[in-house]
Every structure is written in C-alpha cells, then in structure tokens.
Amino acid sequence: MELLNHLALGFSVAGSAENLLYCFAGVLLGTLVGVLPGVGPVATISVLLPVTFYLPPIGSLIMLSGIYYGAQYGGSTTAILVNLPGESSSVVTCIDGYRMAQKGRAGAALGIAAIGSFFAGCVSILVVAGLAQPLASVALAFGPAEYFSLMVVGLLSAAVLAYGSLLKALAMIVLGLLLGLVGTDVTSGALRFTFGFDGLFDGISFVVVALGLFGLAEIMENIEQQYARQTVRSNFRELLPNREEMRASWKAILRGTALGTVLGILPGTGATISSFASYALERKLAKDPSRFGQGAIEGVAGPESANNAAAQTHFIPLLTLGIPPGPTLAVLFGAMVMFGITPGPQVVTSHPDLFWGMITSMWIGNLMLIVLNLPLVGLWVRLLAVPYKVMFPGILVLSCVGVFSLRNSVFDVVLTAGFGLLGYVLRKLRCEPAPLMLGFILGPLMEEFFRRALVLSRGSPLIFVREPLSAFFLLIAAGLVLMLSWSWFRTQRRQVMSEAG
Amino acid sequence: MKTIRTITLAAVSVVAGLTVAAMSPPVNAASFPNGPMRIIIPFGAGGTSDILARTVGDAISRKLGVPVNYENRRGAHSTIALRALSESAPDGQTIGLIATSYTVNACMYPKTTHYTFSDFTPLARVTAVPNVCVVRKESKLKTFKDLLADIKKNPGKYNYASTGKGTPAHLGVELLKGIDKLDFKLVMYKDTPSAFIDILGGRVDFMCATYPTARAQIAGGALRPLAVTSPERVESLPDVPTIAELGYKDFEATVWYGFLGPKGMSPEIQKKLQDVLLGVLSDKKTSEKLKKAGYTIYPAPAAQFSKFIEASNKKWCGIVKDAGLAKN
C-alpha cells in the first residue's frame, strides 16, 4: 500500500504539464542523439547541463534521464538500418537486426525493438520502484572475484555468438582482448602498446572500434558489391512485426527483460553483458539456431529488451547507493550534486518527490518513446529508399563528426578509418566482429578485476572458489565449456562417420 | 546538439585562426580580448572539473563581454590538452585549465611527458578539492588515530583503495606510509565509484576520496569521515580533523586547479587574465556555485601560483622517487 502512495506522489509530480513537457523534450532529444552515430547521451547531457541550472531541479533531472533512456531506444535504430552500433549494448542488435533490414524487414526489427524495450522498461521500472532498497545490497555483494567469474561466463557466451568456425571465433576473442590491453594499466600505471601516441594512453574508445568494424567495413563491402536494397514496402501494417514474428519474440522479450533487470543492478557492465547474454541464451534455446545471424527476430527482441531493462535498473545503484553505474549516469550524478541533491541512501527520505517523480517519469517517458518510435519506424524505413550513393557519404560524415566529438581528437577519426579497414579484411576472411567486440569490452575489465581480486587475497587464487557467488559462476562457465566441447566433438564424429560411410 | 556545437566550434576556431594569422604580431593588452576566447579542458565533458571550467568561463565571458568556447581534450594525464595549449597563440584568447597532475607528470611518466613548466605562462590558481579519508559505517574504527594504531598492530592486513596512479589520493597515502613506516596494501581503481563498491561492500578498509564524490555517502551515513587532507578543516565537515592536526605537520594532499596560457604571453595580458580570474572568484554568485559543487576557493595570483607549482612538483616528485613509482 505504501508503494501505491509513493507512486501516487510520483505521478502527481511527473504528471504535471510542465514536467510532462520536460520528459517529452528529454526522450525526443535522446532518440535523436541515439540515432546519430557516435554522438552519445554523455555529450548531449554535458552540453545541456549549464542550461538546466536555470530550470527547476526535478524538471531538468526528468529531462536528463529522458535523454539517457531515450538514447537506448534510438541507438538500436542505426544498428538495424545501417549496421552502426551507437552504444556497446547495440552491438548485438547489429547481428540479426541488420540482416532483417537487408531482407526488407527493417520495420519489423525496429518495431520489435521498440515493443521489447517498452515492455522491459515497464517491468524494470516496477522493480526499481518496489525493490530498489533491498536490491542495492546485491550490487555491493559483487566484489572483484564475483565480477571476474561473471565475465568468464560472458566471454564464453561469445563462443556461442560465433558462426561457422569455432577457431576463428576464438581468434577474434583473443584479438579483442589484445586490443583491450592498449592504454594505461590500472594496477601498475604502466603504458601498454601505445607506441608513443598519447591518443592511445587511455585505451581505444569503444565507439572507434565499433564504428570502424561494423559501420565503415559495411560501407566498403556494400560499395564493392554494387549493393542494391530491397524496395520499401509502403503498407504501414507490413512495417510492423507480423503475428508470426510476434509469436517468435514474446518469450525472448520476457527472458531478455529478466536478464537485463538483474544484471542492470550491477554497476559498470550490466547493460552490455545482458544484451550479449540474452542473445546467446536465445540462440541456445532456439529450435533452429542456424537462423541466427540470418535475421532471426528473437536475436533483436531479446537483447533490446535486456539492454533497456538494464538501463532502467542502473538507476538503483545511482539513487540508493549514490554510485553512478556508467559514464552517462555519472554526468547525471554531477547534475544532482549541483542541484544540491545528494543521491544516495537518504535521497528517498529527503527528496521523496524527486525519487518517486523520477521513477514515474521513466514510465511515462517509456510510453512516450513507444508512441514516438512506432510512427517513426515508417520514416526510418523510407530513409532506406534513399540511393546508397547518397546515403553512405552521409553516414561517413556523421560517423566522423560523432567520433571527433568524443574528445575533439582527429587521431580518433584516423583510428576509426583504420578499424574500418581491419573490419573489411576480417569480413573477407569470414571472421565475425561480434566476438571481437565482446573480448574488447570484457578483456580489460576481467584483467582489472582478476588482479584486484588477487591483490585482496594476497595472491591466493582460491578467492575465486571461496566466494560462493563467484564459485557459482565458475561452475556455470565449466558447464558451458563441457557443452561446447561435447557439441564440437559430436560434429567432428559425425563428419568422420559420414566420410567413412 | 553536440554536433552543431562542434561544427560551430570548428568553424569559429578556423575563422579565429585566420584572423589571428592575418593580423598577428602586434599583440598587446589593448587588443585583448579580441573576439571569442577558448578554454581547453583536460577532462571529459560533464565531470566536476568540467563544471569548474565552464562556471569560471561563464563568469569570464560576462566580465569581458566576449563569448567563451570550451574544448574538452581529455586523456593522457592532461598532456593532450597541454600540447594543444602550448601550440596556441599567446594572445590571451586561449587559456587552459590544469590540475595537480601537471606538476607530477614529469617524474611519474618521464618518457611520455614532453612539456616543461617554461612552455606555459601561469595565470592564477583558482580552487582546490580536499580528500576525505573514510571507512564504511560498519567499521569499528571511529577516529583516524584508531585506524593508524590498528594498521600498526596488524601490518600488511589493511587495504587502501587508491583511485589512479600519481593522484593526490595515491601520493598522499604514500607520503603517510613513508612518514610512519605504515604497512598496508594499495588496491588500484580507475575511478571513485568502483572503489566505493568495494569500500561499502567491506572488501577494502579505507580510502581518501575527493570530497564532492564522497559527500553523498557521508551525508547519508554510509561512509564515516575520519580526517581531511587539506591544510584547513572543510566548512561542511567541521568536526572532522585535518591530518596535519593529528601530528603530521604540514601534511597536505589536495587536488588543486589553476589556469595557464601558452608561453610568450605579454606581461600585460598575463596580468589582465590573472585579475579577471581572481575577480571572478570573488564574485559571490560564482563562488557559491563552485562551493556547491564541492570546491574550496583557493586563489593565488600568477607569481605565487608559479612558485606553488615548483613547490608542488618538488614535493610530489620526491614521494614518487622515494617510493619508486615512476613509469615509462
């Protein structure tokens, strides 16, 4: 009952005409920056920050968080339409979403992404509202050993992401891990593989690698192949997922939501891992896993739901512990501090109107996003009718501007071009970029957590099995390895048998 | 938004560059400010250091009546931003924000630090951020003295969360270690939030975090402040002693911020910028805003700032050397 009172308070705050307007402005802006490749919510919120000091605190926080989760919706749009992942969590969406677009089902992919995100948003907001306080302790239970073991599971799921040769997938993971090593080592402060370029001291930005390997490589290959797109269907109903596609997706949406909600509580990596994990899970559970990578709608529905759910539950560590779980929410944290609101354990009692207002505004914002995004699907799909020779220079320019805006660095733009070239070569060698991305994202984190765990245990590796949660994850990992090697063994034997027969 | 801004910024700087080239040498104080100013920020957009630069920049803009553009050149311990600053014209139109790392880089990263203090013209020191040494609320330790005594009783048992190599949070505790022959383990973190997870989770025993980042947890009672590293007590933590008060004479490990120009700036322009910066700090509205963000107003004019930089360099580099911390 108390919860209902709180929600009523929240709605009275978030439902005021003024705050509805801020919320709408936020999600609209978020959708736009999500769509622009490379231009992320961090940059947008930082630019807007000085302006917000002239607005009422609650209104501006509602708007700023709208930008944050709005960008999650927008980010999948470019991933599906032109194979450009704007955020680490949309890398997975590229795999099947872009294939769907190539087959003329861009509308369905965009539609299911929006529907899945909306559903996931609604569920995870309820979790934030009802369980924020008790769940905060879960975030604190995760030490370096737990994180490391969880990531081992995540990395192994990359092997599931691979198509064709397992060996090539492993090579890609290793390449990703190596790329992730570039930069300053956290534990010792030593510089690694920087070759004297100060642009590499802080490592290679995720956006640089993703835009290069996915977006630019795609453009090169398309030009080479005299790429012709499917004609656009004008019937609006055909633009949205049909009944068959909905039936295939709803379970994926449920599972993705659950995964994202849980993993989003963990600061740092939750959203990305949850989208990869959801993809791996869907592929494992599918009756016909070979459809994955060829435009399977579950491969869009699951990960998109997972990353939006995680985006919402990321607010739990921010609002209840005062710990921003990622760069975007760190900026939001800064804004709250400037408003004289200290996010943390006491915010619920000291600013109940803000806490519940923000939570209900997230629900309203998600509703606005789906109302905004479903009609936009038609517009986006029509955009695909633009001749490719006109479109690709546009994508190139936007990507360059986006990369440059990360930190005003021309070096990063050149580096992106280099990764474009690498991506092209990898395609020619039939190597998938997704396992590379996962290795690149998880590698440096795993190293950091692994070494930190060992520092805390004074060098004893037993810490990974002594901590119950960590041991549990390692057990899952061992199970995955067994499963993978068993299926590998079986196919090998089948091959031998068929050759013999 | 950002895109448009970046394009405008690029266009403006091209135009500004051409203008400067066309009418270069006769630079004097009378012609400054001459069009939009540029502040180079060595940190990413949105952080507290960025807020500092933009708040001061806003006030400068109002005072001088010219627009101010901001350029975030984050990375490589500020060296990327410093290089951009040293390559700009010393006409006062471009200034840069710096922090403590400016004085530590040369000894911490001798091979990759390509600047010397003579490449820049100091303008003024503006603010500082104290570090607050904290333990979690469940800890049995009530005072900083308890903590030190317990560390001495249990050598090698304690864990300290350090954010970044060569930061005051890191070097300050190395200083303490050196003075008192304390034996505890440093656990390295990339940023404060990830360190907090382990502090609050009870895996790491204590840390000295910048006050703005720890304020939320201190106010909420999740973290207990034991001491501050600034020379004076912090206004909003009146009961928390400084480490210097506890018998470590002159102990100080704060992050400070100041502004520099490129070398070769005329003394007139230097003085004008110094006066503007110091004037901005005494403006009530600006200083209130900075205090709200967790800053201590810590002004010093150019000459004093220059000496302060030398002293800071000597102090921190001594610790780097003693503890053998230098990296390639």
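Residue numbers begin at 1 in each chain, while the letters A, B, ... track the order of the sequences.
- With a threshold of 4.5 angstrom between heavy atoms, B:Leu186 approaches chain A through N, CA, C or O but not through any side-chain atom.
- A donor-acceptor pair is defined here as one N or O able to donate and one able to accept, closer than 3.5 Å; such a pair exists between the side chain of B:Arg203 and the backbone of A:Phe142.
- Contacts of A:Ser188 with chain B are made by both backbone and side-chain atoms, with heavy-atom separations under 4.5 Å.
- B:Lys185 NZ: 12 or fewer foreign heavy atoms inside a 6.0 Å radius.
- For B:Glu138, the CD atom sits in a packed shell: over 12 heavy atoms of surrounding residues, nucleotides or ligands are nearer than 6.0 Å.
- With A:Asn408 contributing its side chain and B:Arg73 its backbone, the two residues share no donor-acceptor pair below 3.5 Å.
- Note on B:Gly166, B:Gly75, B:Ala216, B:Gly201: by heavy-atom pairs under 4.5 Å with chain A, the leading option is B:Ala216.
- At a 4.5 Å heavy-atom cutoff, the contact between B:Tyr158 and chain A is made by backbone atoms alone.
- Taking each heavy atom of A:Val186 and B:Met188 in turn, the nearest pair found is O-CB, 3.4 Å.
- A donor-acceptor pair is defined here as one N or O able to donate and one able to accept, closer than 3.5 Å; such a pair exists between the side chain of A:Arg458 and the backbone of B:Gly156.
- Proximity to chain B (any heavy atom under 4.5 Å) is shown, for A:Ile323, by both the backbone and the side chain.
- Put simply, CZ on B:Phe196 and CG on A:Leu321 are 11.0 Å apart, with the number rounded to the nearest 0.5 Å.
- Note: B:Ile80 CD1 to A:Asp198 CG = 4.5 Å, rounded to the nearest 0.5 Å.
- Pairs passing the salt bridge (charged side-chain N to carboxylate O under 4.0 Å, His left out) check and including a residue from residues 402-412 of chain A, sequence neighbours excluded, read A:Arg407-A:Asp412.
- Residue B:Lys157 touches chain A through its backbone alone, counting heavy-atom pairs closer than 4.5 Å.
- Note: B:Lys165 NZ to A:Asp185 CG = 8.5 Å, rounded to the nearest 0.5 Å.
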Can you check side chain to side chain contact (heavy atoms under 4.5 Å, CB included) on A:Arg452 and B:Asp198, steps first, answer last?
CA-CA 11 Å; A:Arg452 190 174 296 145; B:Asp198 283 351; 3.8 Å; yes
